[in-house]
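Side-chain atoms are counted along with the backbone in the values below, which use heavy atoms only and exclude waters and symmetry mates.
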Amino acid sequence: MPTFTPSHLGKWESLFTDLVGGEGSALTVEGIWMLGEKPGLVCVFDEEEPLYIEAAVNISKTLQCYVKGGSECDFRTMVGVIEMGASLRNAAGRAKTGPLALRISKRVEKFRYRVVQAPLKSLSNLACAFNVVADTRYAGPSALANRALDALPQ
């Protein structure tokens, strides 16, 4: 698999650097209360490692979903699958409520996040490209390849 670097992003390299570099804020209710309803990119970290990059039409609602659960959220589903061994088949429902959701919420409290504003029309393309370059644990090319290999019939 080829190795991608931030220089592959061209004019978006500085936005990527702003998103994945520097100090993040705690991914807790207290850490997200001040965010507004703006579009942008969200990057979640475990210590210094980028876990997940997502395009958010509403940054505040996206982060509230990460923290509180209660609605279907791809990030919480990936935490359940990758960190807690939940089945990909039923993890989305179990990550919303119940014992798995509580375990996910406790794990998510230890994460940090950073956000950057980006043009609304380019959000999803930027999130996909940034996931490839950062090779995030939950959505990067290595994670996708590992999930594909694990899904092969025995």
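- No chain of hydrophobic side-chain contacts below 4.5 Å, direct or via other Ile, Leu, Val, Met, Phe, Trp or Tyr residues, connects Phe75 to Leu144.
- Here the closest heavy-atom approach between residue Glu72 and residue Cys65 is recorded as O-SG, 4.3 Å.
- Minimum interatomic distance between Ala118 and Leu126 (heavy atoms only, all atoms of both residues): CB-CD1, 3.9 Å.
- Contact check for Asp46 versus Arg107: side-chain heavy atoms found under the 4.5 Å cut-off.
- Rounded to the nearest 0.5 Å, atoms OH (Tyr66) and CD (Glu54) are 3.5 Å apart.
- Summarising the geometry, atom CD belonging to Glu47 is positioned 11.0 Å from atom CZ belonging to Arg112; distances are rounded to the nearest 0.5 Å.
- Between atom CG of residue Asp18 and atom CH2 of residue Trp12 there is a gap of 12.5 Å, rounded to the nearest 0.5 Å.
- Checking side-chain atoms of Arg76 against main-chain N and O of Ile104 turns up no donor-acceptor pair under 3.5 Å.
- Contact of the Ile32 side chain with the Tyr113 side chain is registered, since non-hydrogen atoms from C-beta on lie closer than 4.5 Å.
- The two atoms that bring Cys43 and Pro50 nearest to each other are SG-CB, 4.0 Å, heavy atoms only.
- Contact annotation: the side chain of Val67 never approaches that of Thr28 to less than 4.5 Å [non-hydrogen atoms, C-beta and beyond].
- Residues Ile59 and Leu63 form a side-chain contact, since some pair of their non-hydrogen atoms from C-beta on lies under 4.5 Å apart.
- The shortest distance between side-chain heavy atoms of Leu15 and Phe130 falls below 4.5 Å.
- Separation of atoms CG (Leu41) and CD (Gln117) is listed at 10.5 Å; rounding is to 0.5 Å.
- Minimum interatomic distance between Asp135 and Pro141 (heavy atoms only, all atoms of both residues): OD1-CD, 3.2 Å.
- In the hydrophobic clustering of ILVMFWY residues, with side-chain heavy atoms under 4.5 Å counting as a link, Leu102 and Leu27 come out apart.
- The OG1 atom of Thr5 sits 9.5 Å away from atom CZ of Phe16, with the distance rounded to the nearest 0.5 Å.
- One N or O on the side chain of Asn131 and one on the backbone of Ile53 form a donor-acceptor pair closer than 3.5 Å.
- Not a single donor-acceptor pair under 3.5 Å links the side chain of Tyr138 to the backbone N or O of Asp74.
- The backbone N or O of Ala143 lies less than 3.5 Å from no partner atom in the side chain of Arg137, so there is not a single donor-acceptor pair.
- The CE atom of Met78 sits 11.5 Å away from atom CD of Glu83, with the distance rounded to the nearest 0.5 Å.
- Both Met84 and Val81 sit in one connected hydrophobic cluster of ILVMFWY residues. Membership requires side-chain heavy atoms under 4.5 Å apart, directly or through other members.
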inquiry  = Run the side chain to side chain donor-acceptor pair (under 3.5 Å) test on Ser60 and Gln64 for me, step by step, so that the C-alpha distance in whole Å, both residues' side-chain angles and the decisive distance to 0.1 Å come before the verdict.
reply    = CA-CA 6 Å; Ser60 179; Gln64 286 175 14; 3.2 Å; yes

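- Looking at every heavy atom in both residues, Pro39 comes nearest to Leu123 through CB-CD1, 3.8 Å.
- Between Lys38 and Val57, every side-chain heavy-atom pair lies at or beyond the 4.5 Å cut-off.
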